[in-house]
Amino acid sequence: QVQLVDSGGGLVQAGGSLRLSCAVSGRTFSTTAMGWFRQAPGQEREFVAAINWSGSSAYYSDSVKGRFTISRDNAKNTMSLQMNALEAEDTAVYSCAAQGRPKLRSTYYEPAQYDYWGQGTQVTVAS
């Protein structure tokens with residue numbers, strides 16, 4: 001059974017940092033893209049960041065570019081999201097996701113293009 005377990009969320013003051021982790025079990029995603037998405041109350045799930053299969057290329061939403069860094073370790077079957085300079089607008093449930101097969105880069109931004117999801121971890125930024 002494939003499982004993605006995300007963790008690391010919490011309550012932090014504006015300007016602070018958090019590091020989210022995604023641990024994968026049941027299969028490897030070393031040949032496919034992975035990403036982070038978030039969903040705030042009453043809003044649609046939105047793209048945060050994605051990373052290609054090797055970790056050599058990363059993609060970010062404009063709202064987090066320069067503040068967040070996505071990384072992956074295929075040997076350990078993990079992915080991380082380092083979040084710095086957090087803002088109140090970053091408050092949401094963050095979920096990691098993985099594509100089940102190699103797809104075009106254009107698909108990295110769409111939640112529907114991901115086949116496996118973590119359960120989500122709450123990030124709350126107090127202003």
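Predicted model only: the values in this text are computed from it and were never measured. The first residue of the sequence shown is numbered 1, and numbering continues consecutively from there.
- When all heavy atoms of Gln99 and Thr32 are compared, the pair lying nearest together is O-OG1, 2.7 Å.
- Between Asn74 and Thr28, the closest side-chain pair of non-hydrogen atoms is not below 4.5 Å.
- The shortest distance between side-chain heavy atoms of Trp36 and Ile70 falls below 4.5 Å.
- Side-chain contact between Asp115 and Lys103 is present, with heavy atoms from C-beta onward closer than 4.5 Å.
- Contact detail for Thr91 and Val125: the closest heavy-atom pair is OG1-N, 2.9 Å.
- In this structure, the side chain of Ser21 does not engage the main chain of Ser7 through any donor-acceptor pair within 3.5 Å.
- Between Val24 and Gln3, every side-chain heavy-atom pair lies at or beyond the 4.5 Å cut-off.
- There is no side-chain donor-acceptor pair under 3.5 Å between Thr121 and Asp6.
- The cationic atom of Arg45 (NZ for Lys, CZ for Arg) lies less than 6.0 Å from the six-membered ring centre of Trp117 and within 45° of the ring axis.
- Annotation: Tyr108 is not in aromatic contact with Phe47 [ring centroid separation under 6.0 Å not met].
- A donor-acceptor contact closer than 3.5 angstrom is absent between the side chains of Ser71 and Gln82.
- A heavy-atom distance below 4.5 Å is not found between the side chains of Asn52 and Met34.
- Once rounded to the nearest 0.5 Å, the distance linking OG of Ser80 with CG of Asp73 reads 8.5 Å.
- Taking each heavy atom of Tyr114 and Ala50 in turn, the nearest pair found is OH-CB, 3.7 Å.
- By the 4.5 Å heavy-atom criterion applied to side chains, Phe29 and Val2 are counted as neighbours.
- Other residues, nucleotides and ligands place no more than 12 heavy atoms under 6.0 Å from the CZ atom of Arg105.
- Residues Arg19 and Leu81 have side chains not in contact (no heavy-atom distance under 4.5 Å, counting atoms from C-beta outward).
- Looking at heavy atoms from C-beta onward, Arg38 lies in side-chain contact with Asp90 at the 4.5 angstrom threshold.
- Expressed to the nearest 0.5 Å, how far CZ of Arg72 lies from CH2 of Trp53 amounts to 9.0 Å.
- Atom OH of Tyr94 sits about 15.0 Å away from atom SG of Cys22, to the nearest 0.5 Å.
- One distance of note links CG of Leu4 with OG of Ser95; it measures 10.0 Å at 0.5 Å rounding.
- Linking Ile, Leu, Val, Met, Phe, Trp and Tyr residues whenever their side-chain heavy atoms come within less than 4.5 Å leaves Met79 and Tyr59 in two separate clusters.
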> Yes or no on side chain to side chain contact (heavy atoms under 4.5 Å, CB included) for Phe37 and Val93, after CA distance, side-chain angles and deciding distance?
Replying inline: CA-CA 8 Å; Phe37 291 79; Val93 174; over 6 Å; no
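- Atoms CD and SG, from Gln119 and Cys96 in turn, are 7.5 Å apart once rounded to the nearest 0.5 Å.
- Within the model, atoms OG of Ser127 and CD of Gln13 stand 8.5 Å from one another, a figure rounded to the nearest 0.5 Å.
- Pairing each heavy atom of Val123 with each of Met83, the nearest pair is CG2-CE, 3.8 Å.
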